[in-house]
Amino acid sequence: MSLTRLSYFVAVAEELSFTKASARLHVSQPPLTQQIQRLEDELGEKLVIRSTRRISLTPAGEALLPEARRILQQYRGLPALVHEAARGRVDAFSMGCVPSAIIGFAPKLLEAYREVEPAVSIRIHELNVEEQVHMLRTSGLDIGVFRSHAPPEDLMTFGLAADDYCVAVSAKHPLADQRTVKWSELAAERFVMADRAKASLEFDSVVANCLANGFSPDLVAEAVTGYNLVALVASGLGVAVVPGRAAALKYDGAVYRPLTPRTPAVPLRMVIRRERLNDSARHLVDVGQTVSIPSLT
């Protein structure tokens, strides 16, 4: 089983299209299809269901996808691991982050932690909650940073500074002229939201808070990343309710405003495998708990 075949499978599984996957990989479609078939032959299981309109993953394909991602991430991290060891790094952690944490938490964390533990290296991987929990339990990650109401009991969990929901609007939108925005004022707006397949908890939490304030959000688009989300807002397509930490992403044409009544976002937590909770990891937690929430102005 080659890494190339695994990378081809991941591209097909994420795009759910041989045409899109071949464009992403810069290969023609026939060799891509052939490599997927050879991978299926090696494993003795069908991974992809092909139809005239679209493709989907079989149960075997669904099971393989997170493992294939983990193997490829570990492989890509090998050069950095070797270089770090050669430069005398005394420890290294692999850390998963949900997209909103990569935007509004990880940069400040790494900057501050470097001053405390300059000989420790941290490799960041953008992963959703389910991927992080699975990889933490299978030793594919040392540390996870994600939002959760009920943290996994088999892992060490540490709370981080709480943030409230805010709303991102186009700088040309009338709401941009207000210092704060009421939840009820969003009832007539079109919504851009995070892709539920990537951030189901945050998606469901925003919907629940809209319902609690008397309306159902008019969803017009889902974005795969925080960058895409704010870009769609800046274009005027709709508004987006996001955790306060996401306001660290400054994008020309988009502004953030506090929501009233104040509503806590889903708690952000740092989760660590018990066997990796050494002094360096405890220092990382200490630093993480001091990382401030970005200003909305």
Side-chain angles (χ1 to χ4, degrees), residues 97-109 111-112 145-149 159-196 198-223 225-270 288-297:
C97 286
V98 293
S100 61
I102 285 183
I103 294 170
F105 177 73
K108 290 184 177 180
L109 171 69
E111 181 182 8
V145 179
F146 54 82
R147 293 182 183 273
S148 172
H149 287 301
L160 301 173
D163 54 350
D164 295 330
Y165 280 119
C166 63
V167 61
V169 301
S170 166
K172 298 178 181 178
H173 195 290
L175 292 176
D177 296 329
Q178 301 180 191
R179 296 189 64 179
T180 63
V181 174
K182 296 178 181 178
W183 278 92
S184 59
E185 291 180 287
L186 303 180
E189 300 296 332
R190 297 176 300 176
F191 273 68
V192 180
M193 297 176 68
D195 181 3
R196 193 178 186 280
K198 299 285 187 181
S200 60
L201 186 61
E202 293 182 47
F203 183 102
D204 292 346
S205 176
V206 171
V207 171
N209 279 292
C210 290
L211 293 173
N213 284 277
F215 68 96
S216 178
D218 178 14
L219 178 62
V220 295
E222 293 182 46
T225 69
Y227 299 98
N228 292 339
L229 188 73
V230 180
L232 293 174
V233 168
S235 74
L237 183 63
V239 303
V241 173
V242 296
R245 289 188 186 275
L249 175 58
K250 305 303 181 185
Y251 196 99
D252 189 28
V255 297
Y256 302 89
R257 295 292 180 261
L259 280 166
T260 58
R262 287 181 57 182
T263 305
V266 179
L268 187 66
R269 307 179 189 277
M270 187 176 290
Q289 292 176 330
T290 67
V291 173
S292 60
I293 309 300
S295 170
L296 298 187
T297 58

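Computed from a predicted structure; not experimentally measured.
- Between Leu237 atom CG and Leu229 atom CG the span is 10.0 Å, to the nearest 0.5 Å.
- With contacts defined as side-chain heavy-atom distances shorter than 4.5 Å, the pair Val181/Tyr256 does not qualify.
- Residues Ser205 and Leu201 form no side-chain contact, since every pair of their non-hydrogen atoms from C-beta on lies 4.5 Å or further apart.
- Nearest approach of Ala234 to Ser170, heavy atoms of both residues: O-OG, 3.8 Å.
- Between the Thr263 side chain and the Pro261 main chain, a donor and an acceptor come within less than 3.5 Å of each other.
- Nearest approach of Ser292 to Lys108, heavy atoms of both residues: OG-NZ, 3.6 Å.
- Shown here for Ile293 and Ala161, the closest heavy-atom pair between the two residues is CD1-O, 3.9 Å.
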Working note: Phe191 + Val220, criterion side chain to side chain contact (heavy atoms under 4.5 Å, CB included); need CA distance, chi angles, decisive distance, verdict. CA-CA 6 Å; Phe191 273 68; Val220 295; 5.9 Å; no
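- Nearest heavy-atom pair, Val255 versus Ala171, reported as atom, atom and distance to 0.1 Å: CG1-CB, 4.3 Å.
- Among all heavy-atom pairs drawn from Trp183 and Phe215, the shortest one is O-CE2, 3.2 Å.
- Residues Val291 and Arg245 form a side-chain contact, since some pair of their non-hydrogen atoms from C-beta on lies under 4.5 Å apart.
- Between Leu219 and Arg196, every side-chain heavy-atom pair lies at or beyond the 4.5 Å cut-off.
- Put simply, the side chain of Arg269 gets close to the backbone of Ser148: a donor and an acceptor are under 3.5 Å apart.
- Panel note: side chain Glu189, backbone Gly238; no donor-acceptor pair is recorded below 3.5 Å.
- Counting heavy atoms of neighbouring residues, nucleotides and ligands inside a 6.0 Å radius, atom CD of Glu111 does not exceed 12 of them.
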Run the numbers on Leu259 and Asp164 for side chain to side chain contact (heavy atoms under 4.5 Å, CB included), then give the verdict. CA-CA 8 Å; Leu259 280 166; Asp164 295 330; over 6 Å; no
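- Side-chain contact between Phe146 and Cys97 is absent, with no heavy atoms from C-beta onward closer than 4.5 Å.
- Within the 3.5 Å criterion, the main-chain N or O of Gln178 finds a donor-acceptor partner in the side chain of Arg257.
- To the nearest 0.5 Å, atoms CG (Asn213) and OG1 (Thr260) are separated by 9.0 Å.
- Under the 4.5 Å side-chain criterion, counting only non-hydrogen atoms from C-beta, Asp163 is not in contact with Phe105.
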Between Val241 and Asn209, does a side chain to side chain contact (heavy atoms under 4.5 Å, CB included) hold up when you go through it step by step? CA-CA 10 Å; Val241 173; Asn209 279 292; over 6 Å; no
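- Checked by atom type and distance alone, the side chain of Arg190 never pairs as donor or acceptor with a backbone atom of Ala221 at under 3.5 Å.
- Using a 4.5 Å heavy-atom threshold, the side chains of Glu202 and Val242 count as separate.
- Counting only heavy atoms from C-beta outward, the side chains of Val266 and Pro243 never approach each other to under 4.5 Å.
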Evaluate the side chain to side chain contact (heavy atoms under 4.5 Å, CB included) criterion for residues Val98 and Val145: first the C-alpha distance (whole Å), next the side-chain angles of each, then the deciding distance (0.1 Å), finally the verdict. CA-CA 7 Å; Val98 293; Val145 179; 5.6 Å; no
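- A pairwise comparison of heavy atoms in Ala265 and Arg147 identifies CB-NH1, 3.8 Å as the closest pair.
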